[in-house]
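Below is one structure; the comments refer to it alone.
The sequence lines fix the lettering, A, B, ..., with proteins before strands; numbering per chain opens at 1. Because only heavy atoms are used, hydrogens play no part in the values below, and waters and symmetry mates are left out as well, while side chains stay in. Quantities reported herein were computed from a predicted structural model and do not represent experimental measurements.
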Amino acid sequence: MPELPEVETVRRGLVPAMEGAKIAGVEQRRADLRFPFPDDFAGRLGGRTITALARRAKYLLVHFDDGLVLICHLGMSGSFRVETAHDAMLAGEFHHPRSRDTRHDHVVFHLERDGAPGAHVVYNDPRRFGFMLFSHEKELDRHPSLAGLGVEPTGNALDGALLSALLHGKRTSLKAALLDQRLIAGLGNIYVCEALWRARLSPERLATSITAAGGKATVRSERLAAAIRAVIADAIAAGGSSLRDYVHADGSLGYFQHAFAVYDREDEACTRPGCHGIVKRITQAGRSTFYCSTCQC
DNA sequence: ACTACTCCCTGCCAGC
DNA sequence: TGCTGGCAGGGAGTAG
């Protein structure tokens, strides 16, 4: 589910309720998600004030006033939603328009602000591939989940030369290489497919084939780096992609899924002007790849 | 060191 | 109307 643009959208959606708020209490409704919750999870969070919400790749980072950091990963099906006390009351009594499936509400953060009860932030995750772990600001970069992550595809850091250097010598497919979080951190199945289509490059091409010795930029690496940055920026601007039940923290939907050129568009006509190809679906590394074999080569 | 494959878990949808 | 199989935004762990 959530790739970088979705996590960034979630982060922005949670900021108003969470930044500057104090944790009044935490309901932890099961012992584990993908991993066991840290010991005394609720106890360690209670009474702390949230100073900032940050993001690294697909990780949401909740910073507290004493340097504690809660590292959250949403896995495939995780989501957060913000409920006001009023929402919670209505949901209990009526079918509230914004109510949703609460079967997999695993964690509820009760917030307070200026001593008054604030919002509830609820973590829901049907498949439980998500997880929450603790770290500390001073050792965050060395945390096992974050230490090996590659470059962010936001901003201008990822250019043709860097991409060429990262992919040089990689004998795997271009698709698999772009999914490797150690190289570029934050891309997932959707945005890799979309970036490759924008760059007119085949997902089946050998990753090293778009590079030059010494990591010098090539026409193709420049094109792909630009496509990756653009698709991520466009998706963030659109509020991410809403597939199935994925919604923003405030319950609204992102709309980038309407802009997909190839993802989940098997058998549809390629929309590139002048191209008369049909979008195909193939399986790479056990996951679906969507692309146009006519214009992507 | 790399690369490839399996598995974790639940829900949903198409096809029978 | 069931049932069944396949598939889904991810990544850790293991085996070559």
Aromatic plane relationship, A/Y191 with A/F260 - under 30° parallel, 30 to 60° tilted, over 60° perpendicular: perpendicular
Hey, can you tell me if A/Y59 and A/H73 have their rings parallel, tilted or perpendicular (30° and 60° cut-offs)? perpendicular
Could you go over nucleotides 12-16 of chain C and give all protein N or O partners under 3.5 Å, atom names and distances?
{"residue": "C/dA12", "atom": "O4'", "partner": "A/R34", "partner atom": "NH2", "Å": "2.8"}

Does a side-chain N or O of A/R103 approach OP1 or OP2 of B/dG11 to a distance below 4.0 Å, or not? yes
Touch class at under 4.0 angstrom, heavy-atom based, for A/G286 against every strand present: nothing
Atom P, compared across B/dC9 and C/dC3: separation rounded to whole Å: 24 Å
Near-ring test A/F37/A/F134, centroid separation under 6.0 angstrom: no
Any strand counts, and the cut-off is 3.5 Å on both contacts for Watson-Crick or G-U wobble. Which nucleotide pairs with B/dT6? C/dA12
Donor-acceptor pair under 3.5 Å: do we get one between A/R287's side chain and the base of C/dA8? no
Select one nucleotide: of C/dG11, B/dC8, C/dA8, the one nearest the side-chain heavy atoms of A/S288. C/dA8
Straight-line distance of A/R182 CZ to A/L149 CG, nearest 0.5 Å: 10.5 Å
Show, in sequence, the C-alpha distance, side-chain angles and deciding distance for A/T211 and A/H168, and conclude whether the side chain to side chain donor-acceptor pair (under 3.5 Å) test is met. CA-CA 6 Å; A/T211 75; A/H168 193 66; 2.6 Å; yes
Test: A/E152 and A/R56 ion pair at under 4.0 Å: yes
Interatomic distance where NE2 belongs to A/H106 and C1' belongs to B/dC8 [whole Å]: 13 Å
Rounded to the nearest angstrom, tell me the gap between atom CD in A/E266 and atom P in C/dA8. 10 Å
Under 4.0 Å: is that the gap between some side-chain N or O of A/K58 and OP1 or OP2 of C/dG11? yes
Please report the distance, rounded to the nearest Å, between CG in A/L174 and P in B/dT3. 13 Å
Nearest-nucleotide pick for A/M76, side chain only, options being C/dC7, B/dT10, C/dG10: C/dG10
Position toward the 5' end of DNA chain B (nearest nucleotide), A/A285 or A/G169: A/G169
Kindly say if A/Q181 contacts the phosphate of C/dG10, meaning a side-chain N or O under 4.0 Å from OP1 or OP2. no
Gap between atom CG of A/L163 and atom CZ of A/R223 - 0.5 Å precision: 12.0 Å
Integer-rounded Å distance: C/dA8 P and A/F260 CZ: 13 Å
How far, in whole Å, is C/dA12 from B/dG11 if one measures between their P atoms? 24 Å
Rounded off to whole Å, could you give me the CZ-to-P distance for the A/R56 and C/dG10 pair? 16 Å
What is the distance, to the nearest angstrom, from the CZ atom on A/R30 to the C1' atom on B/dC8? 12 Å
Measure from CG on A/D125 to P on B/dC8 and round the result to the nearest Å. 17 Å
Closer than 4.0 Å, any side-chain N/O of A/H73 to the OP1 or OP2 of C/dG11? yes
Let's see if you can work this out: which of B/dG11, B/dT3, B/dC9 has an atom nearest to the side-chain heavy atoms of A/P126? B/dG11
Base of B/dC9 paired with side chain of A/R127 (donor-acceptor, under 3.5 Å): yes
Between P on C/dG10 and CD1 on A/I184, what's the gap in Å once rounded to a whole number? 14 Å
Working to the nearest 0.5 Å, report the span between CZ of A/R44 and CD1 of A/I23. 13.5 Å
Quick test of the criterion, 5.5 Å between centres and less than 30° between planes. Is A/F129 stacked on B/dC9 or not? no
